[in-house]
Amino acid sequence: MTAIASLTVQMYNGEEAPEIADELIAVYADVYNVEPYIGDPFFSVPTFINRLHAAFEMPGFGVLTGRLDDGKLVGYVHGVNLDPERAWWASLGDARPADAVQAAKDGDMFWLRELMTLPAYQNQGIGRRLHDVMVQARPEPWTTLTCIVDNEPARSAYPRWGYEVIGQIKHAEESPLYDAMILRPPVA
């Protein structure tokens, strides 16, 4: 595959994002249309639709899209301001570094909920570009995310991008095991 020469990025907030929800859902459906996700109710499109629409209402929701010159949506990242009482975050307990716990309490932690690129456009730097633009645009200096432990190559990419694994969680009883990670603010 050749590298994408031009990628246009655009940010949407929780009020604007419902206008592009169908496109976001279509990307999700394509990305998760592979084993081991096919047939797993936790990764079904209807389940994602519910999670996506709930996220639109969360404080600090934002989605950054990446489009080709022809307007085709090839990837996106979305997230919210982390609620320090969020069950998965709280379940980590003492595994969370004290400064990360304080950042979440202070409203300084961005929760990167989804990062995806269409399969035909993966391994071209699109996901990394979307990630970096989103993290730099956020008002929160810290970032956290969860990644399925066997979701390669994403699982290996995050530590290369500076993330630190702080523990493992399950988002729900029926969900797979996730690594919980934090990205500390850049050192001045």
### Task
May I have the step-by-step check of side chain to side chain contact (heavy atoms under 4.5 Å, CB included) for F42 and R51, ending in yes or no?
CA-CA 11 Å; F42 187 77; R51 286 193 304 258; 4.1 Å; yes
### Query
Where do W142 and D99 land on the side chain to side chain contact (heavy atoms under 4.5 Å, CB included) test, with the steps shown first?
CA-CA 10 Å; W142 290 74; D99 51 350; 3.6 Å; yes
### Message
Evaluate V135 against W161 for side chain to side chain contact (heavy atoms under 4.5 Å, CB included), listing each step before the verdict.
### Response
CA-CA 12 Å; V135 167; W161 298 355; over 6 Å; no
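With contacts defined as side-chain heavy-atom distances shorter than 4.5 Å, the pair Q122/P153 does not qualify. Proximity of L68 to S6: side-chain heavy atoms (C-beta onward) are nowhere separated by under 4.5 Å. By the 4.5 Å heavy-atom criterion applied to side chains, P97 and I182 are counted as neighbours.
The aromatic rings of Y37 and F43 lie perpendicular to each other, with more than 60° between the two planes, well past the 30° mark. Taking the six-membered ring where tryptophan is involved, the planes of F48 and H78 are tilted, since the angle between them lies from 30° to 60°. By the 30° and 60° cut-offs, the orientation of the rings of F56 relative to H53 is perpendicular. Ring geometry for Y163 against Y158 counts as perpendicular: the plane angle is over 60°, on a 0 to 90° scale with 30° as the lower cut.
Checking Q136 against D132 by side-chain atom types alone, no donor-acceptor pair falls below 3.5 Å.
Under the 4.5 Å side-chain heavy-atom criterion for ILVMFWY residues, no single connected hydrophobic cluster contains both V149 and V165. When the side chains of ILVMFWY residues are joined at heavy-atom separations under 4.5 Å, either directly or via intervening members, I49 and I38 end up in two distinct hydrophobic clusters. Residues I20 and V45 share a hydrophobic cluster, clusters being chains of Ile/Leu/Val/Met/Phe/Trp/Tyr side chains in contact below 4.5 Å. Grouping the Ile, Leu, Val, Met, Phe, Trp and Tyr side chains by contacts below 4.5 angstrom, directly or via other members, places L24 with M11. In terms of hydrophobic clustering, with Ile, Leu, Val, Met, Phe, Trp and Tyr side chains grouped at heavy-atom distances under 4.5 Å, V101 and M181 are assigned to different clusters.
Remark: D83 CG to W111 CH2 distance equals 9.0 Å, nearest 0.5 Å. Separation of atoms CG (L73) and OH (Y121) is listed at 10.5 Å; rounding is to 0.5 Å. To the nearest 0.5 Å, atom CZ of residue R128 and atom OG1 of residue T117 are 13.0 Å apart. Here the NZ-OG1 distance, from K72 to T65, works out to 14.5 Å after rounding to the nearest 0.5 Å. Expressed to the nearest 0.5 Å, how far CD1 of I126 lies from CE of M116 amounts to 14.0 Å. Within the model, atoms OH of Y76 and CG of L64 stand 12.0 Å from one another, a figure rounded to the nearest 0.5 Å.
Checked by atom type and distance alone, the side chain of R129 pairs as donor or acceptor with a backbone atom of L7 at under 3.5 Å. Counting only distance, with no hydrogens or angles, the side chain of S175 and the backbone of K170 share no donor-acceptor pair below 3.5 Å. Remark: side-chain polar atoms of T146 are not paired, donor with acceptor, to backbone N or O of D179 under 3.5 angstrom. No donor-acceptor pair closer than 3.5 Å links the side chain of Q102 to the backbone N or O of D106. Side-chain atoms of R67 never come within 3.5 Å of backbone atoms of Q10 as a donor-acceptor pair (strictly under, hydrogens ignored). Judged by distance alone, with hydrogens and angles left aside, the side-chain atoms of D30 form no donor-acceptor pair with the main-chain N or O of L118 at under 3.5 Å. The backbone N or O of H171 sits nowhere less than 3.5 Å from a side-chain atom of Y178 that would complete a donor-acceptor pair.
In terms of heavy-atom proximity, F61 sits nearest to R138 at C-NH1, 4.2 Å. Heavy atoms only, all atoms of each residue included: E152 and S156 are closest at OE1-OG, 2.6 Å. For A100 against W89, the heavy-atom pair with the smallest separation is O-CZ2, 3.8 Å. Pairing each heavy atom of L145 with each of L112, the nearest pair is CB-O, 3.6 Å. Smallest separation of non-hydrogen atoms from L115 and G127: CD1-O, 3.7 Å. In plain terms, the two heavy atoms of P141 and D108 that are nearest each other are CD-O, 3.5 Å.
Residue E57 places its CD atom among 12 or fewer non-hydrogen atoms of other residues, nucleotides or ligands, all under 6.0 Å distant. Environment of CD in E174: crowded, with over 12 heavy atoms of neighbouring residues, nucleotides or ligands closer than 6.0 Å.
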